[in-house]
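Note on naming: letters A, B, ... go to the chains in the order of the sequence lines (proteins, then strands), and numbering restarts at 1 for each one.
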Amino acid sequence: MVNNMANTLFPKRFKFNKVQKKWISYWREKGIYDFDIEGKGKIFSIDTPPPFVSGTLHLGHVLNHSWIDFVARYHKMKGKNVYFPQGFDCHGLPVELAVEKNYGISKDDRERFLEKCVEWVEDNISNMTKQFDDLGYSTDWKFTYRTMDENYKYKVQKSLLYFYEKGWLYRDKFPTHFCVNCETSVAKAEVGYQEEEGKLWYIKLPLVGRDDEYVTIATTRPEMMESCVGVFIHPNDDRYYHLSAAEVELPIANRTVRIRTDNNVDMTFGTGVVYCCTYGDETDIKWKLDYDLDEIQIFTKNGLMNENSKYQELSIEQAREKIVNDLEVMGLIEKIETHEHNIIIHSERSSCRRPIEYLPVDQWFINVKDFTTEIIDSAESMDWYPEKHKQRLLDWAEGLDWNWVISRQRVFGTPIPFWYCSECGQILIPESKDLPLDPVIESPPSNKCPNCDSSNIIGEEDVCDCWVDSSITPLAIAKWLEDDVFFTKTYTNARVHRPQGYEIIRTWLFYTLFRCKKLTGKAPFHETMINGMVAGPDGRKMSKSYGNVVSPDDVLPEYGADAIRQWAAMGSLGDDYPFEYNWINIHNKQPVSDEKINKEKKQLSEDKFFKKYRKRYDQLIGASRFLTKIWNAYRFLNINLNKIEITDINVNIEELPPIDSYFYSQFNEVMAKVEELFDNYNWHEAFMILRPFFWNELCDNYIEAIKYKFYSDDETIRKNALKQALTLFYSILRIFGIIMPFISEEIYSILYKDFIGLDSIHQETWPKNFQMISAESNELGRHVISLMKSLRKFKSKLQIPLNQEINKVVILLKNDNQNQMKNIIDDIKQTIRIKDLSIIMTEEPSFKAQPDLKEVVEELDATIFLFK
RNA sequence: GAGCUCGUAGUCUAGCUGGUUAUGACGUCGCGCUUACACCGCGAAGAUCGGGAGUUCAAAUCUCCCCGAGCUCACCA
């Protein structure tokens with residue numbers, strides 16, 4: 001009866017599906033992961049990456065956030081008061097696109113559009129929150145944030161106001177990537193390059209004051225002639241040395257411009273002479289700034305020539321044709337070559353893919369350039385795990401030469417909370433108490449421009465770059481501007497940890513270091529843990545276009561969170577990590593080559609294909625097996641707990657038998673290593689130690705060596721053996737809780753809760769070393785285990801089944817005290833199954849019959865004689 | 001094109017402040033149901049550490065070159 005009960009509680013396999021849901025709600029009800037600011041221990045704050053609200057987590061998130069959860073659980077166990085909130089990054093173009101597509105609402109219907117954006121984001125957040133829970137994520141949701149919340153926007157806008165008052169935020173006309181087809185400026189991330197067969201025109205420009213002398217430039221954009229503001233040659237170019245300060249006449253424009261020298265000119269391209277226009281490319285922009293050149297804009301926002309051009313009203317393409325024609329008539333075209341080049345296009349919108357122009361438009365900027373040394377200092381003062389990624393940030397900071405354009409011509413984002421005078425450009429700032437606000441809706445503090453008295457005051461329509469939002473996450477979670485006490489405790493006086501991927505070191509980490517330092521005077525982080533990218537089985541980053549994507553939803557239902565978290569723990573710090581799978585034939589379970597799979601994918605219908613083939617996730621299979629192993633080890637203890645009545649699991653360490661002494665001290669050693677590795681966030685190596693220790697030592701050797709005592713006639717032996725095993729297994733279970741929270745909790749609730757009394761194993765502390773283990777006993781235990789391993793090996797060699805009894809074994813030991821060995825004869829006899837075992841210290845004995853095996857075990861200085 | 005990181009058995013991975021038979025996992029092979037676990041136990045095979053050169057008594061480990069991968073930046077008139 002008792003046994004049946006035990007079996008229903010403890011089936012042969014760990015049924016994670018039933019268990020996970022139960023514990024997720026239990027943890028929430030009991031407030032197991034609640035943060036208590038008055039709690040014990042120094043506060044350790046984790047500034048987790050807010051995922052963009054795409055609606056679903058991918059394996060990259062799983063890796064990243066599993067590690068973060070390890071950090072949180074580990075530090076909590078080590079006695080820190082861990083503050084572990086999780087937020088969401090809400091703003092972004094994909095939201096706008098989704099709303100346009102799914103609801104068919106246009107951006108122009110601003111109010112309704114924004115409403116739908118919020119609605120869409122909220123749906124996605126609820127789904128992603130569930131996914132985090134399913135992963136066993138130990139965040140305290142009461143402290144979550146969303147960058148679209150009024151409260152969050154308030155902080156962002158307040159930070160902008162502060163930056164403006166300090167003079168670090170300014171509005172300026174600056175060339176931006178502009179799609180004249182979509183009539184909007186676009187972020188750098190939205191443009192790409194496309195190879196195209198173009199032409200290179202060689203155009204003669206007459207030199208001023210020298211009759212019939214020309215200099216020839218090569219250009220792919222002849223239509224930009226009228227916007228030319230300078231001509232450049234390389235300072236070391238002997239061919240043009242004499243022209244260094246000359247002036248050229250611009251045909252059609254009828255202006256003259258100077259020739260200048262600059263190292264950025266490629267002498268080998270074209271003629272080695274290039275003209276600088278408003279704006280052909282980023283070099284043009286750089287030169288404009290470096291040499292303070294004029295700005296002559298000739299394009300309109302919808303891709304036509306403007307009033308500064310003689311070709312006004314023509315499209316850019318038409319103008320090009322016309323100009324080339326006119327130049328030809330003037331005899332100024334030297335030659336035309338065909339030319340392969342990459343043109344910059346609006347690549348992120350597949351329906352557009354038209355060329356991008358650099359148009360000067362009014363933009364908001366944050367001055368970063370002047371603060372790079374401070375950022376570098378902040379980065380240098382942090383502990384980096386691993387160290388190697390620090391270089392990424394330093395290189396970026398040192399090489400930065402432009403300020404940060406923070407305005408985006410979008411709708412769903414944090415509004416830039418200013419107004420400006422359309423006459424004179426005067427900025428009107430809001431009052432702090434009115435934040436957060438949308439200047440498009442709210443009226444300005446004054447209806448007249450304080451500078452020029454104009455009444456054309458316009459609310460800024462642009463919204464912030466998402467990094468403006470996310471670069472204050474450490475402040476937002478610390479209730480900056482909201483609760484001074486909380487802020488001091490969780491930011492100023494806390495140890496603040498920043499976990500993230502290396503791909504956003506130059507953005508998120510960089511901007512956060514900068515902004516938080518400027519806003520609070522204190523560098524935000526003490527340490528950062530950097531994870532790599534999750535790759536597909538082909539080693540390439542997971543991407544739909546490579547067809548190597550695995551979604552957590554593909555694997556979580558089949559393997560469970562504890563298995564996926566083990567996969568995460570096996571990734572090495574700071575490096576890319578592949579998620580392995582092989583295609584197998586469902587019928588014969590044999591692996592199938594990629595070529596065959598690709599062929600079959602094309603030939604078979606999707607339905608048929610998935611009936612025939614499936615992916616096999618070897619890493620997860622390995623992880624599941626470990627869970628089964630853990631499960632059965634505790635199941636075995638539980639079976640015996642149901643037979644042997646004990647009221648506590650206290651053990652007297654000093655009086656542990658040899659085998660227990662040995663494994664208890666092994667545990668101490670393993671824990672010391674694991675602790676050091678965890679301290680360095682080296683999950684991978686720690687797990688590589690824990691897994692074999694548990695499996696090969698505690699299960700295969702320890703349990704096997706003591707299990708016979710569970711059936712002893714002596715009640716004290718039975719009870720002590722069980723208590724000793726339960727205690728040791730409990731210590732390691734607590735650590736498993738960090739990586740595998742569900743199975744640990746389940747086992748705890750069945751086996752240990754009555755003895756320990758805590759609501760959850762996740763309230764436990766890091767196990768202390770077992771003190772006072774007898775060194776002598778430990779050493780003896782080591783010998784016993786070693787002898788057992790050898791004897792098993794011999795049994796295998798002689799092909800004797802493990803359950804078959806050996807008639808006689810004589811062990812000749814040179815170095816040991818025979819009296820001690822007497823204590824362990826029973827251990828060996830019972831575990832290895834030997835009828836007649838003797839341990840002797842004399843010289844080599846002689847036997848009537850030849851032993852079936854005689855082996856020397858060097859490390860023990862022992863000789864073993866075995867008679868089947 | 002530039003910078004950074006990486007390239008170890010069939011697959012993934014440890015070691016990489018130079019010095020034992022290069023670690024572990026999955027897979028493979030042989031044998032086996034020890035009062036838990038066959039998703040298991042015992043044992044075995046399998047890597048000249050991407051290629052080449054150099055430094056050294058000694059290199060997976062340091063230096064240089066080449067090849068390949070990933071990320072970031074630039075893609076030029």
Subject >> Whole-Å distance separating the CZ atom of A:F687 from the C1' atom of B:C26 >> reply: 14 Å
Subject >> Candidate list A:E295, A:E357, A:K288, test side chain to side chain donor-acceptor pair (under 3.5 Å), partner A:Y279, passing option >> reply: A:E295
Original post:
What distance do A:R221 atom CZ and A:S227 atom OG have between them, rounded to the nearest 0.5 Å?
Top reply: 8.5 Å
Original post:
Taking the same atom, C1', in B:C65 and in B:A25, what whole-Å distance lies between them?
Top reply: 35 Å
**OP:** Please name all residues satisfying side chain to side chain donor-acceptor pair (under 3.5 Å) with A:Y202, sequence neighbours left out, ordered by chain then number.
**Re:** A:E337
**OP:** Send over the distance from A:M688 CE to B:C26 P, rounded to a whole Å.
**Re:** 11 Å
Subject >> Whole-Å C1' distance, B:G43 and B:U35 >> reply: 25 Å
Original post:
Rounded to the nearest Å, what distance is computed from the CD1 atom of residue A:I530 to the P atom of nucleotide B:C6?
Top reply: 15 Å
**OP:** Enumerate, in order of first residue number, the stems that involve RNA chain B, defined as 3 or more consecutive Watson-Crick or G-U wobble pairs with both distances under 3.5 Å.
**Re:** B:1-7 with B:67-73, B:10-12 with B:24-26, B:28-32 with B:40-44, B:50-54 with B:62-66
**OP:** Would you kindly compare A:P692 and A:G270 by the position of their nearest RNA chain B nucleotide and give the one closer to the 5′ end?
**Re:** A:P692
Subject >> A:D262 side chain to A:Y291 side chain, donor-acceptor N/O pair below 3.5 angstrom >> reply: yes
Subject >> A:L394 CG to B:U5 C1', straight-line distance once rounded to whole Å >> reply: 15 Å
Original post:
Say you pick atom P in B:A60 and the same atom in B:G7; how far apart are they, in whole Å?
Top reply: 14 Å
**OP:** Might you confirm whether atom CD of A:E676 has over 12 heavy atoms from other residues, nucleotides or ligands at distances under 6.0 Å?
**Re:** no
Original post:
Whole-Å distance between B:A25 P and A:L690 CG?
Top reply: 14 Å
Original post:
Once you round it to whole Å, what is the distance between P of B:A14 and CG of A:L677?
Top reply: 13 Å
Subject >> P gap between B:U55 and B:A74, integer Å >> reply: 41 Å
**OP:** Rounded to the nearest angstrom, tell me the gap between atom CD1 in A:I504 and atom P in B:C73.
**Re:** 13 Å
**OP:** Could you verify whether a donor N or O on one side chain and an acceptor N or O on the other, from A:T216 and A:E334, lie under 3.5 Å apart?
**Re:** yes
Subject >> Lys/Arg N to Asp/Glu carboxylate O, A:K719 vs A:E715, below 4.0 Å >> reply: yes
**OP:** Identify whether the distance between the nearest side-chain nitrogen and carboxylate oxygen of A:K390 and A:E380 falls below 4.0 Å.
**Re:** yes
Subject >> Donor-acceptor side-chain pairing of A:D827 and A:Y708 below 3.5 angstrom >> reply: yes
Subject >> Per-nucleotide protein contact string for nucleotides 33-42 of chain B, where B marks a base within reach and S marks sugar-phosphate only (heavy atoms under 4.0 Å, - for neither) >> reply: SBBBBSBSSB
Original post:
Given the C1' atoms of B:U21 and B:U56, what is the spacing between them in whole Å?
Top reply: 23 Å
**OP:** For nucleotides B:C16 and B:C76, find the distance between their P atoms and express it as a whole number of Å.
**Re:** 43 Å
Subject >> Span that lies between the P atom of B:U8 and that of B:U48, in whole angstrom >> reply: 12 Å
**OP:** Sticking with atom P, work out how far B:C37 lies from B:A45, rounded to a whole angstrom.
**Re:** 30 Å
Original post:
What does A:H684 touch in the nucleic acid at a heavy-atom separation under 4.0 angstrom: a base, only the sugar-phosphate, or nothing?
Top reply: sugar-phosphate
**OP:** Figure out the CZ/P separation between A:F693 and B:A14, and round it to whole Å.
**Re:** 23 Å
Subject >> Basic-acidic side-chain contact under 4.0 Å: A:K789, A:E697 >> reply: yes
Original post:
Quick one: is A:R691 getting a side-chain N or O under 4.0 Å of the B:C26 phosphate, OP1 or OP2?
Top reply: yes
